[in-house]
Every structure is written in structure tokens, then in C-alpha cells.
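The model shown is predicted, which means the values in this text are computed figures rather than measured ones. Whatever order the structure lists them in is the order used to number ligands and atoms, beginning at 1.
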Amino acid sequence: MLDIRVEKTKTPKPLPGKDNPLKFGTIFTDHMFLMDYEEGKGWHDPRIVPYQPLQLEPSAMVFHYGQEMFEGLKAYKTEDGRTLLFRPDKNIERANRTNRRLCIPEIPEEDFLQALKAIVKIDEAWIPTKEGTSLYIRPFVIATDPFLGVRPSHKYLFIIILSPVGAYYPEGLNPVKIWIEDEYVRAVKGGIGEAKTGGNYVASLKSQVKAHDEGYSQVLWLDGVHRKYIEEVGAMNIFFKINGTIKTPKLNGSILPGVTRDTTIRLCKEWGIPTEECLISIDDIYESYQNNTLEEVFGTGTAAVISPVGQLRWGDHIMKVQGGGIGPISQRLYDTITGIQLGKIKDDHNWTVEV
Ligand code: COI
């Protein structure tokens, strides 16, 4: 059990107004959680302090070799005033999996959960309640050792910041356009593709800029070896409904094991929809498009929730899906997942955790 020291802000910021569209990740709450790690001392000095800039040595290892882990989850306010987290155990488990891969010391699960609850509780008033909004929680660890040699850092900082958010994509629940990347790759098996770390996201920027210039919101990655098998979108996992069956790429070591991905697979199976985690080639997708069996495409992610895909571009081929609207499975998933998160639908899976 952590003994968290709390220093409250003396200058609270005004809460965003009801009409604020809450562009994703632009507003931050009044406080943040911090905890230090030092070799020989372990994790220590857990504290909640006013949100403020950090002081770090320019030689801190994170700036040079990118040793960092991050996570993303959300808090919601129910109609009867409770604050809920959605499957925080999955994020904590994945955070420590990332930590192990990146030689960052693990954070005890119960301490992690306690820290999440404590910081969310303090800034509970910041949880927005308008349809489609939530409080995004960003826990992360950075290597702070002032050293320029390449080895795991001996010092780290664990930080949790909070941001009231609306939809991740400006399109909201309207379908996004996705560019299928066949020039650059995001990750390969054995690399860090399944870890949640900044390196995977910086690797995606060049393609994302190219895709944006062509009017596409995001990039869909193919595998790095054959440049043929579908992997993920970077900010979300991807699902296809082909001839009545829901398919998503199976986890192969270079795909992020998304929490919403797992939730989606479980719900679809419970609803009796044939659901497969399998190898999906881009040729299969194009063929299903040509013979009119590509019924729905959608992405899943904490930030994106369920994001219908209305158009895929692969080289010169443009595949328009679901008449440019949201498909019935995407809508049902969105309604069910957000319904559980907001406490409007009974949580038979014990997915929500009260703060
Ligand atoms: C999330 O969905 O929480 C993510 O971390 C994706 C992010 C790049 C916004």
C-alpha cells in the first residue's frame, strides 16, 4: 500500500465549459501523480502534486534512447455520480509487460491501481459527462538517469496525467479513411511492436504525414517481412466483417494487444457472431471487397473506442465500405462498450472498477 503525499494546487484552473468540444489530448487537469525509482531503493516517494513542467537533466536517458513505457485508459462518470475505470487490470498488466520488454522495473499491480484511483479521485470534477466524452488517463514511465551510454537506466519517473477528452478522430463516430502502407513498416516480430512505447509511434509519423496529405486519417500497417499481412492501425487495432465472420489479425509479437480489441472479441463471441483471430492478407481483403463480402471494417482502441472505417486505400485501389456509414456491428459494439463504461448497461463481466 502506497503512502501517497498530496499537495493540492493553490491556483485551480477553470473546468472546460459544457460547450468545449474537448479536442483529444489538449487540456490537462490540476494535478499529476509522480513516483521515483532508483536502483537499490526501488519505487519510492509516491506523490500527487499540481500539474506542472518537469525538471530533468538534458542527459536523461529517455531523451536519447527512448526508454519509456506509456498506457492509456479512461475514467467515466455514471448518471448516479459514481466514477468508473474500465478494465484497469488489463492496462496495468500490459504496462508491466512493456516494462519487462524495455528493461524498466515493474510497478507492483496494487500500487499502480491505487495511484490511478488516487489521482482520478482528486481531479474527479474534471470528468466530462457530455455524450462521447471521458477523462483520458495517461500513465507513463521515463528513464531519468543522466547518462549517455547505452544500457538500462538506473533511475525512472512514473507519472500519471489526466485529460478530459472527446472523440480521438475529428470525425467522431463517422467513418474514417485509412491508408494501407506498403512502403514503410511499423514493427517486426521480435522487435518492440507489441510494447506500448513511443518508438512505435514515432516510426509511424512519416507514413501518417503522407496519408494526411492524401486526405486519410490513419495508416494501416502490413507485416514487416512479407508486406502482405494486416497488422494494426497504430492508434487502434483493426477488425473486418467478411461474409458474416468477424476477423482480426492474431497477435504475432508485432501487434499491440489492445484492451478494446480483447473486449470486442469477447462481446462478438458472446453474441454468437463467428469471430476469428487469424492471418489476414491484404489480397484477401481486396478480394472480399471485389466480391462484395467485405461488410464492415472498424478500428478499436481506448482513445478511438470503436471507429468505423469508410474507405481503405491500397496503392491505386480504393475500397469503399458500408456505404460510407457506420455498420450495425460497429454501432452495437460502440453502444455496448460505452454503455458498460458509463454504468448504463449491467456489467456482467466485472470490467468496471469504482474509484
Ligand atoms: C490509446 O488508445 O489509449 C492509445 O494509446 C492510442 C494513442 C496513440 C492515442
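Using a cutoff of 4.0 Å between basic side-chain nitrogens and carboxylate oxygens, E181 and K206 are not scored as salt-bridged. Here K41 does not pair with D36 in a salt bridge; the nearest charged N to carboxylate O distance is not below 4.0 Å.
Applying the salt bridge (charged side-chain N to carboxylate O under 4.0 Å, His left out) criterion to R266, with sequence neighbours excluded, gives no partner residue. Not counting sequence neighbours, the partners of H226 by the ring pair (Phe, Tyr, Trp, His ring centres under 6.0 Å) test are Y229.
Within the structure, every pair that satisfies the ring-ring contact (aromatic ring centres under 6.0 Å, His included) test and touches residues 118-150, not counting sequence neighbours, is listed here: F24-Y136.
Inter-residue side-chain proximity for Q311 and Y216 is flagged as met; some heavy-atom pair is nearer than 4.5 Å.
Each of F70, G72, Y136, R138, Y168, K196, Y201, T302, A303 has a non-hydrogen atom positioned under 4.0 Å from some atom of ligand 1.
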